[in-house]
Amino acid sequence: TDERLSWPRTIGVGLQHIAAMFGATFLVPILTGLPPTTTLFFSGLGTILFLIITQNKVPSYLGSSFAFLAPIAASVKSDSMAVALGGVVATGVLLAIVGLVARAVGTGWINWLLPPVVTGTIVMVIGLNLAGAAKGGLASGPVLGTITLLAIAFFAAFSRGFIGRISIFLGLLVGYLIAFLMGDVNTDGIKAAKWIAAPTFTTPEFKMSAIILFLPVVLVLIAENVGHVKAVSSMTGKDLDDQMGNALFADGVATTLAGAGGGSGTTTYAENIGVMAATRVYSTAAYWIAALGAIILSISPKFGAVLSAIPGGVLGGAQVALFGMIGILGADR
């Protein structure tokens with residue numbers, strides 16, 4: 001939206017958006033075997049394209065979609081990563097076509113197919129499903145997770161203004177610092193990583209048997225995008241239905257580009273809805289900062305290693321706060 005804060009505050013909220021998307025965006029390539037920095041690069045690039053195509057009206061970050069986990073794993077097992085990337089490209093092209101249709105004939109058919117009760121449920125289910133991932137993180141470090149969660153709650157409850165608005169980012173910092181002091185941060189990867197290196201790119205291959213595996217992902221991405229736009233509409237009080245086609249088209253283009261270069265397919269990120277619910281800042285400028293930050297991170301393996309060394313317990317604590325907010329937001333619809 002057109003809301004603007006001062007630059008220091010915008011950068012602060014942008015950093016919080018990076019912190020929010022980072023765990024999940026990195027998790028998908030780690031689980032599938034794709035290079036994390038490449039996925040990060042395309043998520044930043046995809047977000048910039050999304051903001052341009054939606055005319056800066058839909059605050060959103062495009063991160064790795066969990067919907068791609070199963071088809072990528074199946075394609076890699078039967079063929080290769082290049083063939084899996086062909087499936088990602090095909091998904092993106094189909095989603096872009098759906099977006100163009102929605103832009104040409106309107107979103108009435110999408111609204112009929114996915115009314116508020118359905119989209120609200122989708123947002124709530126996304127939050128509850130993501131909570132499962134948070135549970136895994138918490139289980140790996142319950143003490144650190146609890147400390148992080150308490151720190152977030154403290155900043156949110158007892159801080160006014162800007163400090164309260166970046167409570168999740170500050171909670172993460174507190175959890176990371178305590179983990180470091182406790183000796184729970186593995187610094188081997190940080191020491192070994194280079195300061196600057198270009199992401200590695202892979203060329204996709206196309207095989208119909210693999211592409212078929214990816215077709216259901218298109219429906220998931222449509223639902224996630226529609227749910228996201230509806231959620232942002234309800235948060236900001238603005239009718240964004242006219243941007244629905246643009247959002248679908250933009251995510252399709254971003255996913256196509258990611259697959260073409262060796263990154264994971266993207267989706268509008270529920271994690272960042274959690275940040276907006278916590279901060280009540282809906283400025284698209286903060287997402288530009290987050291996108292540029294992701295691209296900078298993607299060419300610095302050293303900084304990427306620092307962030308990827310965040311213990312699971314700390315990430316889990318932050319995820320519980322974020323995903324809980326998403327679930328509540330869906331139930332409110």
Side-chain angles (χ1 to χ4, degrees), residues 28 34 39 42-58 60-72 74-75 79 82-115 118-119 122-123 126 202-233 239-270 291:
V28 173
L34 287 163
T39 294
F42 282 110
S43 93
L45 184 64
T47 299
I48 288 171
L49 287 170
F50 185 94
L51 294 171
I52 292 169
I53 292 168
T54 58
Q55 303 161 334
N56 263 332
K57 289 180 180 174
V58 184
S60 180
Y61 191 88
L62 294 192
S64 308
S65 170
F66 285 103
F68 286 96
L69 285 174
I72 288 177
S75 298
D79 292 292
V83 170
L85 291 170
V88 175
V89 171
T91 305
V93 170
L94 283 170
L95 186 62
I97 291 167
V98 170
L100 288 173
V101 171
R103 214 157 63 170
V105 303
T107 57
W109 61 281
I110 292 178
N111 290 333
W112 174 80
L113 198 65
L114 300 163
V118 175
T119 53
I122 288 168
V123 173
I126 287 169
T202 309
T203 307
E205 290 174 23
F206 299 95
K207 200 170 176 182
M208 190 51 74
S209 59
I211 288 170
I212 290 166
L213 293 173
F214 285 82
L215 294 180
V217 177
V218 179
L219 293 175
V220 176
L221 296 182
I222 292 169
E224 286 180 342
N225 276 274
V226 169
H228 185 92
V229 174
K230 295 274 189 189
V232 173
S233 289
D239 183 1
L240 296 171
D241 277 8
D242 63 323
Q243 291 298 322
M244 199 83 78
N246 285 339
L248 290 162
F249 175 70
D251 190 19
V253 170
T255 295
T256 303
L257 274 177
S264 184
T266 61
T267 188
T268 44
Y269 246 24

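The nearest pair of heavy atoms linking A210 to V83 is CB-CG1, 3.4 Å. The shortest heavy-atom contact between G263 and L85 is O-CD2, 3.6 Å. In terms of heavy atoms, A254 sits closest to T266 at CB-OG1, 3.5 Å. Heavy atoms only, all atoms of each residue included: V217 and P71 are closest at CG2-CG, 3.8 Å. The two residues V89 and A260 make their nearest non-hydrogen contact at CG2-N, 3.4 Å. When all heavy atoms are compared, the tightest approach of G262 to L34 is O-CD2, 3.5 Å.
Listed by first and then second residue, the side-chain hydrogen bond (donor to acceptor under 3.5 Å, both in side chains) pairs that reach into residues 91-105 are R103-N246, sequence neighbours excluded.
The side chain to side chain contact (heavy atoms under 4.5 Å, CB included) search around I211 returns A90, F206, M208, not counting sequence neighbours. Listed by chain and residue number, T47, N56, T284, Y287, W288 satisfy the side chain to side chain contact (heavy atoms under 4.5 Å, CB included) test with L51 (two or more places apart in sequence, or in another chain).
Side-chain contact between F68 and T255 is present, with heavy atoms from C-beta onward closer than 4.5 Å. Looking at heavy atoms from C-beta onward, V229 lies out of side-chain contact with T268 at the 4.5 angstrom threshold. Side-chain contact between L213 and S75 is present, with heavy atoms from C-beta onward closer than 4.5 Å. Taking the side chain as every heavy atom from C-beta outward, F50 and V58 approach each other to under 4.5 Å.
Of the possible polar contacts, one joining the T256 side chain to the V93 backbone as a donor-acceptor pair under 3.5 Å is found. With N225 contributing its side chain and L221 its backbone, the two residues share a donor-acceptor pair below 3.5 Å.
Evaluated for a side-chain contact (heavy atoms from CB on, under 4.5 Å) with I222, the options L95, D251, L94 yield exactly one hit, L95.
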Start with the C-alpha gap between Y61 and S43, add the side-chain angles, then the distance that decides, and say whether side chain to side chain contact (heavy atoms under 4.5 Å, CB included) holds.
-> CA-CA 8 Å; Y61 191 88; S43 93; 2.6 Å; yes

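With rounding to the nearest 0.5 angstrom, the CD1 atom of I48 is 12.0 Å from the CD1 atom of I53.
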